[in-house]
Student: 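I'd like to ask some things about the structure below.
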Amino acid sequence: MPTKATTETNEYLRLHPAAAKQMEKALPNEQILCDLAELFKVFGDSTRIKILCALVESELCVGDLAQLLGFSQTTVSHQLRILKNNRLVKYRREGKMIFYSLADDHVCRVIHQGMEHVME
C-alpha cells in the first residue's frame, strides 16, 4: 500500500511510468555518482585550477610551477599529489627532476570547456 509520502510525490510526477523506468536505468549507479562528485571537488580549488591551466600549456617541474604561479614549492607539491591521486596529472623523472603534465586529453577538455562556460 502506498505511503502518504509516496502518494504526495506521485501527485507531482509528470513522467510516464515507462519513461521514469527508462530514466532510472540510464542514471549511473551510486558509486559512480560519488566518484564523479569527488572528481569535481578536486576542480573546486583555485590553486589546483591554476596548476592545471599551466600544465595545459606545458610540462613543468614543481619549482617552475611555484615560481610561475607565485606559490611555495610545498604548496605546489601538495596540490600536485592531490591531482596525481585523482589521475588528473602524471609525471616523468629525468635525472633528479620530476616533470608534471596533464594525465590525458580529457583533463585538457574539461579545463577548456569550463573556461568556455564561465566566459559566456
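By convention here, the first residue in the shown sequence is residue 1.
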Student: Check whether any side-chain heavy atom of L52 sits under 4.5 Å from a side-chain heavy atom of F43, and report yes or no.
Tutor: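 Yes, side chains in contact.
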Student: Can you list the residues that meet the side-chain hydrogen bond (donor to acceptor under 3.5 Å, both in side chains) rule with E57, with sequence neighbours excluded?
Tutor: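 E57: no side-chain hydrogen bond (donor to acceptor under 3.5 Å, both in side chains) contacts found.
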Student: Before giving the answer on side-chain contact (heavy atoms from CB on, under 4.5 Å), spell out for C53 and I111 the whole-Å C-alpha distance, their side-chain angles and the decisive distance to 0.1 Å.
Tutor: CA-CA 7 Å; C53 285; I111 296 295; 3.9 Å; yes
Student: Run H78 and T74 through side-chain contact (heavy atoms from CB on, under 4.5 Å) and show every step you take.
Tutor: CA-CA 6 Å; H78 174 72; T74 303; 5.6 Å; no
Student: Starting from L27 and following side-chain heavy-atom contacts under 4.5 Å between hydrophobic residues (I, L, V, M, F, W, Y), which residues can be reached?
Tutor: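 Besides L27, the hydrophobic cluster comprises nothing; the residue is isolated.
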Student: Is there a donor-acceptor pair under 3.5 Å between the side chain of N29 and the backbone N or O of Q31?
Tutor: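 Here the side-chain-to-backbone pair exists.
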Student: Does S46 have any side-chain hydrogen bond (donor to acceptor under 3.5 Å, both in side chains) partners at least two apart in sequence or in another chain, and if so, which?
Tutor: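 side-chain hydrogen bond (donor to acceptor under 3.5 Å, both in side chains) check on S46 returns nothing, list empty.
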Student: Using the salt bridge (charged side-chain N to carboxylate O under 4.0 Å, His left out) rule, collect all pairs that involve residues 22-38, keeping only residues at least two apart or in two chains.
Tutor: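 Residue pairs passing salt bridge (charged side-chain N to carboxylate O under 4.0 Å, His left out), neighbours aside: E38-K41.
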Student: Side-chain contact test, heavy atoms from C-beta onward, threshold under 4.5 Å: evaluate it for L60 versus F99 and give yes or no.
Tutor: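 No, side chains not in contact.
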Student: With rounding to the nearest 0.5 Å, note down the distance linking CG in L65 to CD in Q79.
Tutor: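 Rounded to the nearest 0.5 Å, the CG-CD separation comes out at 11.5 Å.
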Student: Would you say C108 and L102 make side-chain contact, with heavy atoms under 4.5 Å?
Tutor: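 They are in contact (side-chain heavy atoms under 4.5 Å apart), so the answer is yes.
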Student: Side-chain heavy atoms nearer than 4.5 Å, only ILVMFWY residues, links allowed to pass through others: does that put L33 and M23 together?
Tutor: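 No, separate clusters.
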Student: For residues V56 and H112, determine if any side-chain heavy atom of one lies less than 4.5 Å from a side-chain heavy atom of the other.
Tutor: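 Side chain of V56 against side chain of H112, heavy atoms only: contact under 4.5 Å found.
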Student: Within the 4.5 Å heavy-atom criterion, are L69 and T75 side-chain neighbours or not?
Tutor: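 No, every pair of side-chain atoms sits at 4.5 Å or beyond.
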Student: According to the salt bridge (charged side-chain N to carboxylate O under 4.0 Å, His left out) rule, which pairs have a member within residues 89-113, sequence neighbours left out?
Tutor: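 Sorted pair list: E59-R92, R92-E94, D105-R109.
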Student: Working to the nearest 0.5 Å, report the span between CG of L68 and CD1 of I51.
Tutor: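 Spacing of CG (L68) from CD1 (I51) equals 10.5 Å.
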Student: How about D45 and I82: do any of their side-chain heavy atoms sit closer than 4.5 Å?
Tutor: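 They are not in contact (no side-chain heavy atoms under 4.5 Å apart), so the answer is no.
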Student: Can you list the steps and then say if L83 with V42 is a side-chain contact (heavy atoms from CB on, under 4.5 Å)?
Tutor: CA-CA 7 Å; L83 292 168; V42 174; 3.8 Å; yes
Student: Within a reach of under 6.0 Å around CE of M97, are more than 12 heavy atoms found that belong to other residues, nucleotides or ligands?
Tutor: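 Yes, CE of M97 has more than 12 neighbouring heavy atoms, counting only those of other groups under 6.0 Å.
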Student: Report yes if some heavy atom in the side chain of P28 is under 4.5 Å from a heavy atom in the side chain of L36; otherwise report no.
Tutor: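 In short, these two side chains do not touch, never coming nearer than 4.5 Å.
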Student: Would V76 and T47 count as a side-chain contact (heavy atoms from CB on, under 4.5 Å) if you check the C-alpha gap in whole Å, the side-chain angles of each, and the deciding distance to 0.1 Å?
Tutor: CA-CA 8 Å; V76 171; T47 301; over 6 Å; no
Student: Quick one: side-chain hydrogen bond (donor to acceptor under 3.5 Å, both in side chains) partners of S77, sequence neighbours excluded?
Tutor: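 S77: no side-chain hydrogen bond (donor to acceptor under 3.5 Å, both in side chains) contacts found.
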